[in-house]
Amino acid sequence: MSLAQSTAGTTPARTVTSGAAKRRPTRTSTDPVWRVWITRHRVVAAILAGIVATHMATIIGFWLPAVGLPKLDWPSANGGVFTPYGSAIQQFVSGSVFHYTDGVVFTVVFALALHHLLPWRNTERGNLAKGLFFGTVLAIISCGFMVPLVYFPQFHPGFFSLNLGWKVILAIFLWHWVYGLHVGLIYNPLPADALEHAAPLPNAEIDTQLTQD
């Protein structure tokens with residue numbers, strides 16, 4: 001028996017482990033990870049979009065006098081409705097809670113019930129158009145119903161709040177356009193057919209590998 005044959009007979013064969021299977025596969029999809037995550041977690045993404053969009057628009061509302069438009073203090077306006085006998089601070093705090101809650105609820109309703117009904121495709125521009133359209137609809141509701149009948153009926157705003165002047169109406173529309181802009185930028189899901197070809201998210205890959213192991 002030769003040395004080579006003896007070595008071959010006594011050396012155990014190396015067992016192939018599943019270590020290679022644990023290697024993270026390379027993403028082949030060109031879709032951004034953020035948009036894939038939004039498409040797969042629509043409710044959470046809509047809540048996040050609602051918080052950010054409402055906050056950004058609220059800040060803009062306080063800055064509007066810098067461009068010659070009236071200040072829109074929606075937190076205090078809401079507080080005047082929900083806690084009419086509270087102090088200014090109490091009205092601002094309570095109104096902020098209801099104000100931000102409304103912003104989030106409206107965004108979730110938009111994402112789950114209205115977003116897929118709008119004619120634009122779920123591209124970045126299409127989602128932005130959907131957000132701006134939604135903001136425009138809310139501005140119309142605000143000028144036509146909320147301001148004259150809920151927030152400031154004592155000022156007799158009249159039809160579509162026209163008695164308050166064009167600057168108030170423009171400020172209301174700008175406020176809601178800022179809101180809709182951020183909703184469209186953040187809640188930016190992929191088209192339905194694109195999700196089928198999207199690569200798994202990194203966390204999903206790791207979870208799948210651990211389950212298989």
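The chain is numbered in sequence order, starting from 1.
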Self-check item: Validation row: Phe98, Thr101 side chains within 4.5 angstrom (heavy atoms)
Solution: no
Quiz item: Any chance CH2 of Trp120 has more than 12 other-residue heavy atoms, nucleotides or ligands included, within less than 6.0 Å?
Solution: yes
Quiz item: With side chains defined as the heavy atoms from C-beta onward, is the minimum distance between Lys130 and Tyr187 less than 4.5 Å?
Solution: no
Self-check item: Donor-acceptor under 3.5 Å (Ser161 side chain, Pro157 main chain)
Solution: no
Quiz item: Tell me, do Thr58 and Trp74 make a side-chain contact under 4.5 Å, heavy atoms counted?
Solution: no
Self-check item: Any side-chain heavy-atom pair of Leu174 and Ile60 under 4.5 Å
Solution: no
Quiz prompt | Donor-acceptor under 3.5 Å (Glu124 side chain, Asn188 main chain) | solution = no
Self-check item: Thr136 side chain vs Leu132 backbone, donor-acceptor pair below 3.5 Å
Solution: yes
Self-check item: Check: Pro189 main-chain N/O paired with Asn127 side-chain donor or acceptor under 3.5 Å
Solution: yes
Quiz prompt | His41 and Trp37 aromatic ring geometry - parallel, tilted or perpendicular at 30°/60° bounds | solution = parallel
Practice problem: Kindly indicate whether the side chain of Asn78, heavy atoms from C-beta on, has any atom under 4.5 Å from the side chain of Asp102. | Solution: yes
Quiz prompt | CG (Leu149) with more than 12 external heavy atoms under 6.0 Å | solution = yes
Quiz item: Using 30° and 60° as the class limits, which term best fits the ring planes of Phe173 and Phe160: parallel, tilted or perpendicular?
Solution: tilted
Quiz item: Are there more than 12 heavy atoms of other residues, nucleotides or ligands under 6.0 Å from atom CZ of Phe145?
Solution: no
Quiz item: Is the count of non-hydrogen atoms from other residues, nucleotides or ligands lying under 6.0 Å from Tyr100 atom OH greater than 12?
Solution: yes
Practice problem: Please check if the side chain of Gln91 supplies one atom and the backbone of Pro84 the other of a donor-acceptor pair under 3.5 Å. | Solution: yes
Quiz item: Side chains of Tyr179 and Thr107: do they bring a donor and an acceptor to under 3.5 Å?
Solution: yes
Quiz item: How about His99 and Pro75: do any of their side-chain heavy atoms sit closer than 4.5 Å?
Solution: yes
Quiz item: Do side-chain atoms of Ser87 reach the backbone of Gln90 as a donor and acceptor pair under 3.5 angstrom?
Solution: yes
